[in-house]
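As the structure is a prediction and not an experimental result, all values here were calculated from the model. Heads up: numbering here begins at 1 and tracks the sequence.
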Amino acid sequence: MPNIVCDKCEARFDVGDDAAGTTVYCPKCGAANGVPAGATAGPAGRPATGSAVAPERTLLRLRPAMFRARPALFTLLMLIFLGGVVGGIYFQSQSQQARAIACGIAAIAGLVLLAVWRVAKLGTAMEVTTRRTIVYRGLLSKSSSEVMHTEISNFQIKQSFLNRIFHVGSIGISSSAQEGIEILVTDIPGPYRVRELIDANRNMGRPA
């Protein structure tokens, strides 16, 4: 009697000899698994011939963009920072302490806002593997959401006019097992490239 490895939870379970070429359901998690045609039991209880699952590999890891997602805001904050620095140096050389201090405060404010924005972006990461898409959130405390590629029922990309110019957008992914969007991440570079990569690996992780 052949046995296979579940695509989702990686549990190993036996299937009947007549299950070759059909779909069976994992007794542990209930996920649908395809049984390769002509599968036979391996020696010493090993998985059926042709049922080995390819090792999962990371294909892409992305973080939300800053400039490309919000070019006007990024430029404004940079101008505030640089203008404050230049103005502070100039007014300091002219012995105009009040104006130099005001420019210094503006420069610090611009730098702090850029730093806070950057930290917020670093707290989100999107990873695409050969089997699933995962979104990690948080720096000190971590949380994650994932969807198996074989279970994706809806893939949404939203872009504004500027998003299309700078090739960024929001990605929403849902699976047939859940209602609503399970993964939602904004300002991701190359969203259509992400979708193409996922589509190309929809069948990865199934028994060969």
**OP:** Could you grab the distance from atom CH2 of Trp117 to atom CG of Leu77, nearest 0.5 Å is fine?
**Re:** 6.5 Å
Original post:
Which heavy-atom pair separates His149 from Thr129 by the least distance, and what is that distance?
Top reply: CE1-O, 2.8 Å
Original post:
Just how far is it from atom CE of Met126 to atom OG of Ser145, taken to the nearest 0.5 Å?
Top reply: 11.0 Å
**OP:** Find the distance between CZ (Arg99) and CD (Gln94) and round it off to the nearest 0.5 Å.
**Re:** 10.5 Å
Original post:
Quick one: which of Ile183, Ile198, Asp199 gives a side-chain contact (heavy atoms from CB on, under 4.5 Å) with Phe155?
Top reply: Ile198
Original post:
CZ of Phe74 to CG of Leu113: how many Å apart, nearest 0.5 Å?
Top reply: 12.5 Å
**OP:** Mind listing the closest non-hydrogen atom pair of Ala65 and Pro189 along with its distance?
**Re:** CB-CG, 4.1 Å
Original post:
So, the side chain of Thr130 versus the backbone of Arg57: is there a donor-acceptor pair under 3.5 Å, distance only?
Top reply: yes
**OP:** Taking all non-hydrogen atoms of both residues into account, name the closest pair between Ser175 and Ser153 and its distance.
**Re:** C-OG, 3.2 Å
Original post:
Where the side chain of Gln159 meets the backbone of Val168, is there a donor-acceptor pair that is under 3.5 Å apart?
Top reply: yes
Original post:
If only atom types and distance count, is the side chain of Gln92 paired as donor or acceptor with the main-chain N or O of Gln97 below 3.5 Å?
Top reply: no
Original post:
Does Phe166 belong to the same Ile/Leu/Val/Met/Phe/Trp/Tyr cluster as Leu73, with side-chain heavy atoms less than 4.5 Å apart forming each link?
Top reply: yes
Subject >> Minimal non-hydrogen separation, Ile188 against Pro64, with atom names >> reply: CD1-N, 4.2 Å
Original post:
Do Arg137 and Val135 touch side chain to side chain, with heavy atoms closer than 4.5 Å?
Top reply: yes
Original post:
Hey, are Asp187 and Arg70 close enough for a salt bridge, meaning a charged N less than 4.0 Å from a carboxylate O?
Top reply: yes
Subject >> Check: Lys121 main-chain N/O paired with Thr124 side-chain donor or acceptor under 3.5 Å >> reply: no
**OP:** May I ask you to check whether Thr133 and Glu127 show a side-chain donor-acceptor distance below 3.5 Å?
**Re:** no
Subject >> Side-chain touch Phe81/Ile108, heavy atoms, less than 4.5 angstrom >> reply: no
Subject >> CZ on Arg132 to OG1 on Thr58, rounded to 0.5 Å >> reply: 8.5 Å
Original post:
How far does SG of Cys103 sit from CD1 of Ile89, to the nearest 0.5 angstrom?
Top reply: 10.0 Å
Original post:
When clusters are formed by joining ILVMFWY residues with side-chain heavy atoms under 4.5 Å apart, either directly or through shared neighbours, do Phe91 and Ile101 land in the same one?
Top reply: no
Original post:
Quick one: does Ile171's side chain get under 4.5 Å of Gln156's, heavy atoms only?
Top reply: no
